[in-house]
Amino acid sequence: MERLWAGWRSEYIGRATSAPPSGEGECVFCSILQSGASDEDTHIVWRHPGGLAVAILNAYPYGSGHLMLVPVRHVATPEDLTAEEAPALWGGVTQAVVALKAAYQPDGLNLGANLGRAAGAGVPGHFHLHVLPRWAGDTNFMTTVAETRVLPEPLDTSAVKIRRSWPA
């Protein structure tokens, strides 16, 4: 087995693990949902008719069309969802898949959740699911060499495309 020395990781891990644990500090999703700002300004592309879940564009996307499906109520894990919230969220995921396929014609899709800081959750205190389109060859030299992603469209354009493609 080869070993790759990454001495900078210990400093990064120290900062990441010393941040406030789930439930402390401000939740970015709750801030957005309680802000009173328009869906256009916050890049919310769908709201569950019963007000239980939303689909929002990731402000730091892996690629164009990167959505997050979020329960409106602040819960940390899927088992904390109510019997009404779970199907609302998963129904939104299904609709997001349909919308992203129609809007982007991707070669594939990633669907996933990161539960807890150790799993890579950027917002560990508010459960959310990622749905994002993928294309063959969408990782290129910029990602490999410069650890940089090139996004071909602004979030506002992505939001319009996805809203137009969202199933009625």
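Every heavy atom of this structure was used, including side-chain atoms; hydrogens, water molecules and symmetry mates were not.
The closest side-chain donor-acceptor pair between H43 and N58, if any, does not fall under 3.5 angstrom.
A donor-acceptor pair under 3.5 Å is formed between the side chain of H126 and the backbone N or O of P71. Formation of a donor-acceptor pair under 3.5 Å by the H74 side chain with backbone atoms of G125 is found in this model.
Here the CG-NE2 distance, from L155 to H66, works out to 11.0 Å after rounding to the nearest 0.5 Å.
Applying the salt bridge (charged side-chain N to carboxylate O under 4.0 Å, His left out) criterion to R164, with sequence neighbours excluded, gives no partner residue. The side-chain contact (heavy atoms from CB on, under 4.5 Å) check on A113 picks up L115, F127, L129, with sequence neighbours excluded. Here D80 pairs with nothing under the salt bridge (charged side-chain N to carboxylate O under 4.0 Å, His left out) rule; sequence neighbours left out.
Closest of all the heavy-atom pairs between T42 and A37 is CG2-CB, 3.7 Å. In terms of heavy atoms, S64 sits closest to P133 at O-CG, 3.2 Å.
Placement of L67 and L109 within a single hydrophobic cluster is found when ILVMFWY residues are connected by side-chain heavy-atom separations under 4.5 Å, directly or transitively. In the hydrophobic clustering of ILVMFWY residues, with side-chain heavy atoms under 4.5 Å counting as a link, L57 and L100 come out together. Cluster annotation: L111 is connected to Y104 through the hydrophobic network of ILVMFWY side chains, with a link wherever side-chain heavy atoms come within less than 4.5 Å.
For residues 43-54, the salt bridge (charged side-chain N to carboxylate O under 4.0 Å, His left out) pairs, not counting sequence neighbours, are D39-R47.
Other members of the hydrophobic cluster containing I56, listed by chain and number, are V28, F29, I32, L33, I44, V54, M68, V70, V72, V123; membership follows side-chain contacts under 4.5 Å among ILVMFWY residues, whether direct or relayed.
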Would you be so kind as to tabulate the donor-acceptor pairs closer than 3.5 Å made by side chains of residues 83-99, with sequence neighbours excluded?
residue, atom, partner, partner atom, Å
E84, OE1, T82, OG1, 3.4
E85, OE1, R73, NE, 3.4
E85, OE1, R73, NH2, 2.8
E85, OE1, T82, N, 2.8
E85, OE1, T82, OG1, 3.4
E85, OE2, R73, NE, 2.8
T94, OG1, W90, O, 3.2
Q95, OE1, W46, NE1, 3.2
Q95, OE1, W166, NE1, 2.8

